[in-house]
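Taking it in order: structure first as structure tokens, then the write-up.
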Amino acid sequence: MRTLSKLTQLLAMPYTNDKRIEMPNIFVTREIPQPALKFLQEKADVVDVNPHDRILEHQEFLESIARRDGVLCTLNNKVDAGTLDAAPSVKVFANFAVGYNNINVAAATERGIVITNTPGVLTDATADLAWALLFATARRVVEADEFLRAGHFKGWAPMMYLGADITGSTLGIIGAGRIGTAMGLRAAAFRMNVLYCNSSSNSSELDGRGARRVEMDELLRESDFVSIHAPLNEKTRHLIGRDELARMKSTAHLINTARGPIVDEVALVDALRNSIIAGAGLDVFEDEPAMKPGLTELKNVVILPHIGSATIGTRTKMALMAAGNIIAVLNGERPDNPVNPEVFDQALR
Ligand code: GLV
């Protein structure tokens, strides 16, 4: 009888032999939208939030998570093997982001720790922001705004702030996953030709709208706007470097709303300074929050502080998703968005 009920329990909690956490103790590494915090407070006994309005130092992060059951973390928190070993009671790290390059997922999987992310809910907001950057850099919106505010506007002039045409031009998308596809679909409104590169399959949605999957070389040579939507991993680190920038049109613009290290930022500063390409719109940087020397002095780049998903609605959905993922795991259930579903499969073997 006892054995049977143990087996039933195990099947109800497929990912681990551990029991459901009776008195969940959760740490949240940054203030998050209220509805998600309220949800966590209803479901857990202890919910502590980083009291500072800043990113925790790594040591502070380690101390804060040492005796927790679940952690809601952000892309600023490094969750490497050392972090996992310093927090042996943590069953789940719920990343408040779709990207999870801040986490050593293999190390977590080895230790039976669940990692979750927030896919889908931020697709549109991020694609919208990529378009905002495309418009801002093509039409020199920020430069022109600064000019006017500085009192230099003396009336309309035929040669003032000439930018690049968007309608009818060619958009090249690197990474045709959810966000890259959303970016490409929006291009139809501007009668653009869409080219894309993708490491895995074709995007049927983009193909259905006349987009063409091409090799990187063709994409770089043909595109007026190159927009990056790939995840950061060892294959994509410095995917766009000096050689790739040199292959782009001198009139082209580079947009990056994915992850900074996909672009060699030193090479990009040189390319922008020496008119190898015309401009760039960046929401992400190689060593965030730092920027490579010279970047902020350039007029032909629009730089934003990593706000791709920053709308009230989207951040609320992301927070609720991350909170739901934590509570599911601590309840012994499969969360909706596991990054390492192998953790469950291993336990079933
Ligand atoms: C933000 O950069 C994210 O990955 O969600």
Side-chain angles (χ1 to χ4, degrees), residues 28-33 35-36 50 54-56 61 71-80 92-105 108 114-134 173-183 198-199 227-240 254-263 265 280-291 302-326 335-340:
V28 180
T29 68
R30 204 68 198 262
E31 187 191 341
I32 56 170
N50 165 10
R54 61 169 171 80
I55 298 166
L56 291 176
F61 173 53
V71 176
L72 193 154
C73 58
T74 70
L75 54 89
N76 311 109
N77 305 123
K78 190 167 165 190
V79 182
D80 56 10
V92 51
F93 284 86
N95 216 34
F96 187 108
V98 65
Y100 47 84
N101 54 288
N102 55 311
I103 301 180
N104 184 338
V105 177
V114 183
I115 305 299
T116 66
N117 69 340
T118 61
V121 288
L122 47 66
T123 299
D124 286 325
T126 309
D128 291 347
L129 191 88
W131 273 96
L133 280 171
L134 191 155
I173 293 173
I174 298 179
R178 283 177 291 259
I179 301 172
T181 297
M183 178 78 184
N198 203 28
S199 62
S227 192
I228 302 175
H229 301 283
L232 172 64
N233 53 42
E234 281 323 306
K235 285 199 190 116
T236 60
R237 189 174 294 276
H238 281 198
L239 184 68
I240 302 298
L254 180 71
I255 312 299
N256 190 5
T257 52
R259 284 292 182 268
I262 297 174
V263 177
E265 206 171 294
L282 309 173
D283 187 42
V284 289
F285 305 91
E286 208 172 336
D287 307 313
E288 257 170 66
M291 258 150 270
V302 177
I303 43 183
L304 298 178
H306 203 150
I307 56 168
S309 63
T311 73
I312 297 164
T314 297
R315 288 282 165 88
T316 302
K317 286 183 201 150
M318 289 167 70
L320 283 169
M321 193 176 235
N325 284 328
I326 293 198
D336 286 339
N337 317 102
V339 165
N340 55 352

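Sequential numbering from 1 along the given sequence is applied to the chain's residues. Counting convention: from 1, in listed order, for ligands and their atoms alike.
Protein heavy atom closest to atom 4 (O) of ligand 1, with residue, atom name and distance, is R259 NH2, 2.7 Å. Nearest protein neighbour of atom 5 (O) of ligand 1, counting heavy atoms only, is V98 N, 2.8 Å.
Residue-ligand proximity, G99 to ligand 1, at heavy-atom distances under 4.0 Å covers atoms 3 (C), 4 (O). Near A97, with a cut-off below 4.0 Å to any heavy atom, the atoms of ligand 1 are 3 (C), 4 (O), 5 (O). Near L75, meaning under 4.0 Å from one of its heavy atoms, ligand 1 places the atoms 1 (C), 2 (O).
You'll find the side chain of T29 reaches within 4.5 Å of the side chain of V71, heavy atoms only. Residues I174 and L239 have side chains in contact (heavy-atom distance under 4.5 Å, counting atoms from C-beta outward).
The shortest N/O to N/O separation between H306 and ligand 1 falls below 3.5 Å.
With hydrogens and angles disregarded, a donor-acceptor distance shorter than 3.5 Å links the side chain of E265 to the backbone of E286. Checking side-chain atoms of N233 against main-chain N and O of T236 turns up a donor-acceptor pair under 3.5 Å. Looking at T257, its side chain never comes within 3.5 Å of a backbone N or O of D283 through a donor-acceptor pair.
For the residue pair N95/N102, the side-chain donor-acceptor check at 3.5 Å is satisfied.
Residue contacts with ligand 1, taken as heavy atom pairs separated by less than 4.0 Å, involve L122 solely via side-chain atoms from C-beta onward.
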